[in-house]
Amino acid sequence: MRQKILVANWKMHKTGAETVSFFKELKSLLPKIMSGTHVSDTHVSDTTIVVAPPFTSLETASKLAKACGVKLAAQNMHWEEKGAFTGEVSAPMLKALGCEFVILGHSERRHVFFETDEQIHNKIKTALNQGLKVIFCVGEKLDERESNQTFSVLEKQLSLGLAGVNKAQLSEIVIAYEPVWAIGTGKVAEPAQAEEAHRFIRRKVWDMYDMDTAAALPILYGGSVKAQNFKAISSEPNVDGALVGGASLEAKSFIEILEQMS
Ligand code: PEP
């Protein structure tokens with residue numbers, strides 16, 4: 001069975017004090033959910049929960065996350081391990097803070113900060129070489145979907161991002177399909193649209209690697225996920241979890257999404 005994963009991407013939200021409050025609430029809610037009657041027919045208890053705070057809250061979050069059984073992710077990193085890169089943060093620095101994952105290729109990095117496929121590829125290689133697992137985001141913009149380019153965009157992002165990544169390294173990667181038109185917009189993909197894209201991604205990974213590697217790859221959906229819309233998406237066979245922005249800022253709304261995992 002593929003790993004189920006639920007990721008909170010806080011983006012540029014939460015001070016250290018707000019991080020403490022979030023984990024305090026999460027710690028009180030998690031045991032209730034784990035012991036709920038619905039657990040037997042969902043994947044609540046075997047879902048890996050990951051929280052990605054901003055850099056400034058990573059150290060605070062690191063200890064608190066461990067106490068809740070939650071994994072820590074960074075939202076970005078530089079592709080060099082050290083050097084004269086003012087304002088940047090390296091993979092070894094993230095490892096030292098207890099990060100197990102790093103989110104790379106997020107659409108806000110691609111389209112607000114103009115990160116290229118080549119830069120994302122360099123970051124993926126460095127992260128893997130430094131022992132970080134990668135949550136690799138791919139997804140098309142609205143104009144690309146409307147002009148029937150969804151699959152060619154995904155194909156290009158995957159080919160360039162994963163170039164030179166070997167089969168063993170691929171097992172340290174989780175892919176997040178995040179249609180850009182659905183991120184922070186309240187417009188969620190139809191379950192069939194998500195499934196079609198996830199199936200395409202899995203088929204592409206099969207072509208690049210092999211069937212077993214593709215079958216084991218967790219593929220998350222991201223884009224305006226909430227408890228109210230996630231059950232239907234989560235029921236699709238190629239959806240293995242979610243990358244959640246807005247609805248991950250409150251422990252309660254984040255945990256309500258966990259209850260919809262199927
Ligand atoms: C995201 O941050 O990757 C995201 C999907 O955000 P939201 O859930 O707010 O659309």
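All ligand and atom numbering here is 1-based and tracks the order in the structure.
Residue Leu243 approaches ligand 1 through these ligand atoms, each under 4.0 Å from one of its heavy atoms: 3 (O), 5 (C). Within ligand 1, the atoms closer than 4.0 Å to a non-hydrogen atom of Gly223 are 5 (C), 10 (O), numbered from 1 in the order shown.
Backbone and side-chain nitrogen or oxygen atoms of Ser224 are examined, and one is located within less than 3.5 angstrom of a nitrogen or oxygen of ligand 1. An N or O contact shorter than 3.5 Å links Gly184 to ligand 1 by distance.
Neither the backbone nor the side chain of Glu108 has any atom closer than 4.0 Å to an atom of ligand 1 (non-hydrogen atoms only). When non-hydrogen atoms are compared, ligand 1 lies under 4.0 Å from neither the backbone nor the side chain of Cys137.
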Requested in this report: Would you please test Leu142 and Val180 for side-chain contact (heavy atoms from CB on, under 4.5 Å) and show each step?
Outcome: CA-CA 7 Å; Leu142 184 59; Val180 182; over 6 Å; no
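With contacts defined as side-chain heavy-atom distances shorter than 4.5 Å, the pair Phe151/Glu196 qualifies. Within the 4.5 Å cutoff, side-chain heavy atoms of Thr60 are placed close to those of Val20.
The shortest contact between atom 2 (O) of ligand 1 and any protein heavy atom is with Lys11 CE, 2.7 Å. Looking only at heavy atoms of the protein, atom 1 (C) of ligand 1 is closest to His106 NE2, 3.3 Å. When hydrogens are left out, the protein atom nearest atom 5 (C) of ligand 1 is Glu178 OE2, 3.1 Å; that is the closest non-hydrogen contact. The protein atom (non-hydrogen) at minimum distance from atom 9 (O) of ligand 1 is Gly246 N, 2.8 Å.
Between Lys71 and Glu100 there is a salt bridge, with a side-chain nitrogen of the basic residue lying less than 4.0 Å from a carboxylate oxygen of the acidic one. Between Glu108 and Lys11 there is a salt bridge, since at least one side-chain N of the basic residue sits less than 4.0 Å from a carboxylate O of the acidic one. We find that Arg202 and Asp240 are joined by a salt bridge, their nearest charged nitrogen and carboxylate oxygen being less than 4.0 Å apart. Under the 4.0 Å criterion applied to side-chain N and carboxylate O atoms, Asp117 and Lys156 are assigned as salt-bridge partners.
Between Trp10 and Phe22, the ring planes lie perpendicular to each other; the angle is over 60°, past the 30° to 60° tilted range.
The option with the heavy atom closest to atom 4 (C) of ligand 1, from among Pro179, Ala182, Gly245, is Gly245.
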